[in-house]
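Residue numbering restarts at 1 for every chain, and letters A, B, ... go by the order of the sequence lines.
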2 protein chains.
Amino acid sequence: MNISAKSKYAVRALIELAQQNNSHPVPIGDIAAKRDIPLQFLEQLFSSLRKAGILNSHRGVRGGFSFKKLPEDVSVLDVVEILDGDVAPATCTIGASCDKSSRCAVRDVWADAKSSLEGVLAAANIADLADREIMMQEEVKEMYYI
Amino acid sequence: MNISAKSKYAVRALIELAQQNNSHPVPIGDIAAKRDIPLQFLEQLFSSLRKAGILNSHRGVRGGFSFKKLPEDVSVLDVVEILDGDVAPATCTIGASCDKSSRCAVRDVWADAKSSLEGVLAAANIADLADREIMMQEEVKEMYYI
DNA sequence: CCGATTCTTGACAACTCCTATAAGCAAGGA
DNA sequence: TCCTTGCTTATAGGAGTTGTCAAGAATCGG
């Protein structure tokens, strides 16, 4: 399974939401505009994230989305798995020979690759990324001042 | 970029070729039949592997393919990169905000994921996999004898 | 209650990529 | 010359991704 644009959009949107965390909901339109993400596409993604228990939503005037889980408890892996499914590079259902001949040595390689990928993605959480993004932007500002 | 069926077919085919290494070329039809891979599809894959310098080919009667590089010098990463391209989960050309706003914190995550994946795939070579497959099959045979 | 705002949902269309097939050509050996 | 085998290109079907459209439901302020 691939890491698609869905996950990339969603992570960026969640970072934006984490940075705007003013204790009141943020309309999805604001996030879409600020991060240049197709609005109605992002609606689908946030809907999935809400069903998965990561976000809260409130309808009506001054409604919007807010975090249900703490941003530091939401990893990139969570987002990817919700939107793109399992990150396994190979669901080992390739051919008949993989089914009948007991064991396939290559399967272990794909399994290792999966574990390794999961480890990296699980280590990155939204709160950290939001902080790091701000730090990066401040570095750039300083460069201009000097 | 995803790890597609192409790479999986190719790795299995290379393992088969390594196991049949009788110093003379092996016809691609034999490999396709033994590993249950569509013949004309495998032809395309082996053609790419030949151009990449991994295989040698000989046409005509008693022709076929043989390794140009040693099987132990061919990693799974080599095969995947030849057939599927870069294993990067994200070519960071997503949206305008990634281009204009200097640096994107998420990009580091995708970069880490890529390195990690490359490490795992580079550690696995065809010769090892061929040996391990044979060992696995012998284990199964022993189980039946007991 | 009314209307504006915002999320909710389902359908669907355009597009790209993957997988596989077809057909004909090239080369080498008997 | 003929058969075997690899080589190349074109193409088609299918699946998945990406994005859009449209109607609807909930909530809030007035």
Side-chain angles (χ1 to χ4, degrees), chain A residues 1-10 12-13 17 20 24-33 35-52 54-68 80 82-91 93-95, chain B residues 1-10 12-13 17 24-33 35-52 54-68 80 82-86 89-91 93-96:
Chain A
M1 186 64 68
N2 216 0
I3 297 178
S4 68
K6 282 192 284 192
S7 298
K8 299 168 198 163
Y9 279 149
R12 294 203 292 133
L17 180 59
Q20 295 206 5
H24 63 267
V26 179
I28 201 172
D30 292 2
I31 298 176
R35 294 283 174 157
D36 212 21
I37 299 171
L39 170 60
Q40 289 169 314
F41 195 42
L42 186 58
E43 283 176 348
Q44 295 174 16
L45 309 183
F46 268 33
S47 178
S48 298
L49 295 176
R50 180 185 59 82
K51 287 176 188 164
I54 288 182
L55 296 178
N56 271 325
S57 63
H58 296 282
R59 289 200 263 206
V61 180
R62 300 189 64 79
F65 284 87
S66 57
F67 277 97
K68 183 169 188 179
V80 171
I82 290 166
L83 296 175
D84 283 334
D86 212 329
V87 295
T91 51
T93 47
I94 302 168
Chain B
M1 186 65 69
N2 217 357
I3 297 178
S4 67
K6 281 193 284 193
S7 297
K8 298 168 199 163
Y9 279 149
R12 294 203 292 133
L17 180 57
H24 62 268
V26 180
I28 202 174
D30 291 3
I31 298 176
R35 294 283 174 158
D36 213 21
I37 300 171
L39 170 61
Q40 290 168 314
F41 195 41
L42 187 58
E43 282 178 349
Q44 296 174 14
L45 310 183
F46 267 32
S47 178
S48 299
L49 295 176
R50 180 186 58 81
K51 287 176 188 164
I54 289 182
L55 296 179
N56 271 323
S57 64
H58 296 282
R59 291 200 261 202
V61 179
R62 300 190 63 80
F65 285 87
S66 56
F67 278 97
K68 183 170 188 179
V80 172
I82 290 166
L83 296 175
D84 283 334
D86 213 329
T91 51
T93 49
I94 303 167

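- In this structure, A/E43 atom CD and D/dC21 atom C1' are separated by 11 Å, rounded to whole Å.
- The residue among A/V61 and B/V61 whose nearest nucleotide of DNA chain C is located toward the 5' end is A/V61.
- Computed from coordinates, the B/L42 CG to C/dT21 P distance equals 12 Å when rounded to whole Å.
- A sub-4.0 Å separation between OP1 or OP2 of D/dC7 and a side-chain N or O of B/S57 is present.
- OP1 or OP2 of D/dT8 sits under 4.0 Å from a side-chain N or O of B/K51.
- The listed nucleotides are D/dA22, C/dT21, C/dA11; the one nearest the side chain of B/Q40 is C/dT21.
- Of the candidates C/dC18, C/dC7, D/dG6, C/dC18 carries the atom nearest the B/S4 side chain, counting heavy atoms from C-beta on.
- Note: CG (A/L49) to P (C/dC7) measures 14 Å, nearest angstrom.
- Going from atom CZ of B/F41 over to atom C1' of D/dA10 covers 15 Å, rounded to whole Å.
- Between B/R59 and B/R62, the residue whose closest nucleotide on DNA chain C is further toward the 5' end is B/R59.
- Taking CD1 of A/I31 as the start and CZ of A/F65 as the end, the distance is 8.5 Å to the nearest 0.5 Å.
- Using a 4.0 Å heavy-atom criterion, one finds that B/F65 contacts the sugar-phosphate atoms exclusively.
- The CD1 atom of A/I54 lies 8.5 Å from the CZ atom of A/F67; values are rounded to the nearest 0.5 Å.
- In the interface, the side chain of A/Q44 is paired with the base of D/dT20 through a donor and an acceptor atom under 3.5 Å apart.
- Within the 4.5 Å cutoff, the side chain of B/L17 has heavy atoms near those of the B/L55 side chain.
- Comparing atom distances between the B/P38 side chain and each of C/dT19, D/dC7, C/dA20 picks out C/dA20 as nearest.
- OP1 or OP2 of C/dT8 sits under 4.0 Å from a side-chain N or O of A/R50.
- As rounded to whole Å, 11 Å separates atom P of D/dC21 from atom CG of A/L39.
- Between the CD1 atom of B/I3 and the C1' atom of C/dT19 there is a distance of 17 Å, rounded to whole Å.
- Between the CD atom of A/Q44 and the CG atom of A/L39 there is a distance of 10.5 Å, given to the nearest 0.5 Å.
- At the phosphate of D/dG6, neither OP1 nor OP2 sits under 4.0 Å from any side-chain N or O atom of B/S47.
- One interatomic measurement links the two molecules: CG of B/N56 to C1' of C/dG28, which rounds to 15 Å at whole-angstrom precision.
- When every heavy atom of B/A10 is checked against every heavy atom of B/L49, the shortest pair comes out as CB-CD1, 4.3 Å.
- The side chain of B/Y9 contributes no N or O atom lying less than 4.0 Å from OP1 or OP2 of C/dT19.
- Put simply, NE2 on A/H58 is 10 Å from P on C/dT8, counting in whole angstrom units.
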